Amino acid sequence: MPTPLRLGIAGLGTVGAGVVKIVGRHAALLERRAGRPIVISAVSARSRTKNRDVDLSAFAWEDDPVALARRGDVDVLVEVMGGSDGPARAATEAAIAAGKDVVTANKALLALHGQALAEAAEAKGHVIRFEAAVAGGIPVVKALTEGLAGNEIRRVVGVMNGTCNYILTRMESAGLPYAEVFEEALQLGYLEADPNLDVGGIDAGHKLSLLAAIAFGTRVAFDAVELEGIGNILIDDIRHAADMGFRIKLLGVAQMTGRGLEQRMSPCLVPADSPLGQLQGGTNMVVLEGDAVGQIVLRGAGAGQGPTASAVMADVIEIARGTRISTFGQPAATLAHATPAKASAAAPYYLRMALADKPGALAKVATVLGEEGISIDRMRQYGHADVSAPVLIVTHKCTRTAVDHAFARLPATGVVLGGPVALRIENV
Ligand SMILES: NC(=O)c1ccc[n+]([C@@H]2O[C@H](COP(=O)([O-])OP(=O)(O)OC[C@H]3O[C@@H](n4cnc5c(N)ncnc54)[C@H](OP(=O)(O)O)[C@@H]3O)[C@@H](O)[C@H]2O)c1
């Protein structure tokens, strides 16, 4: 009889309860695939009495997740509580110190402490796996770590926060302003307790920093991710972008450039007919580009009980099979300190501003742009009811620094009455 792999599950919310369900429902299938039974020894959550729609009677209960992590009958801690510090960090550290493997869905924990935790685990010959932490049910960590391990990764691009994608696509389909759709998302329970984690790009930035570490063999550098949320996107931007053949997405981009590692999570325009442009609602998509494989596109549910528990179980089965993969795809001690790229690579930009409705106004703006080395590809002026006229400009490739310099000079022209706003157009 092969030795069972014994789990301790810390957290019995959406994800934890989902893991309990899969272990119960698919016991025979999991055993066949893993070559040994996978069982739950003990669980932990705050409330012992809460109804969780799962039968927990066969498992030991621990009020304290650290005690759970240290139990002699637990081989793997499944950390699905959340939070970058507090009990999640304490239980993970306790599990590593007690010589156990860890499976976690916690991007915040790894984005902030991944290097130290990975080094501590590897020093003891143990692993931390985190498939569920990035893009929920999409096996993107495995795709990068295993499927594309023979490639030099050129670029990682993705929509990794379903709530933001829901808000942006709903604004477009219903023609509603941001504030109204934000409120809807809040009522539907789509937003984190601190909504800025979603709409400020922080949650997606955590995920991007983890993928960048694997893709480029660098230490996780969340603090170097350029972050910009979706709160300033107007329904007019969405409409104007659509008129010009684009959609607006909260897009993560990581690439290694001659100027260092570029990591951005910001609203960008993408071609409306591209796979990312077509992505609707709460779905996630990650595009990976390798030198040998070219481009691959992964699409699926980025959150939810089933998809996230599916990803947790993939890691559990990997450990049960005896496969030992370093947290970030290579020993943590060998990860390089990446120099952050100070400025992003040149790209076309979408510029929106309201100009005074008088002769020569546009010429003044064009002069400033030209003097900063920004050339205009396309321009559109919209009908207007008052003294100002909305103007949209699509530039040829230029740097964000040039755009910022030009914007700093625009007030002195005396003709810019609203905006200006710049959104990068990403080639995907
Ligand atoms: N939900 C998703 O779709 C999703 C997708 C990808 C990744 N994740 C990640 O998965 C993790 C869990 O998310 P979730 O949505 O399942 O969260 P959740 O529904 O809020 O569940 C959190 C669980 O942790 C327990 N917990 C919190 N503090 C605790 C403490 N001090 N001691 C013991 N237990 C404690 C809670 O106990 P009580 O139930 O008793 O309050 C609850 O069962 C997070 O890191 C999240 O970012 C979630």
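Please read these numbers as outputs of a predicted model, since none were measured by experiment. Both ligands and their constituent atoms are indexed starting at 1 by order of listing.
Looking only at distances, no side-chain donor or acceptor of Arg264 sits under 3.5 Å from a matching main-chain atom of Leu251.
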For residues 23-33, dump all side-chain donor-acceptor pairs below 3.5 Å to protein atoms at least two apart in sequence or in another chain.
none

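With ring centers used as reference points, Phe130 lies under 6.0 Å from Phe328.
Sequence neighbours left out, the pairs with a member in residues 212-244 that pass ring-ring contact (aromatic ring centres under 6.0 Å, His included) are His206-Phe222, His240-Tyr382.
Residues forming a side-chain contact (heavy atoms from CB on, under 4.5 Å) with Asp291 (at least two apart in sequence, or on another chain): Asn151, Glu152, Arg154.
If you look at ligand 1, the protein residues with a non-hydrogen atom under 4.0 Å away are Gly11, Leu12, Gly13, Thr14, Val15, Ser44, Ala45, Arg46, Ser47, Lys50, Arg52, Pro65, Val80, Met81, Gly82, Pro87, Ala105, Asn106, Lys107, Ala132, Ala303, Gly304, Thr308.
Checked by atom type, the side-chain pair Glu184/Tyr166 shows a donor-acceptor distance below 3.5 Å.
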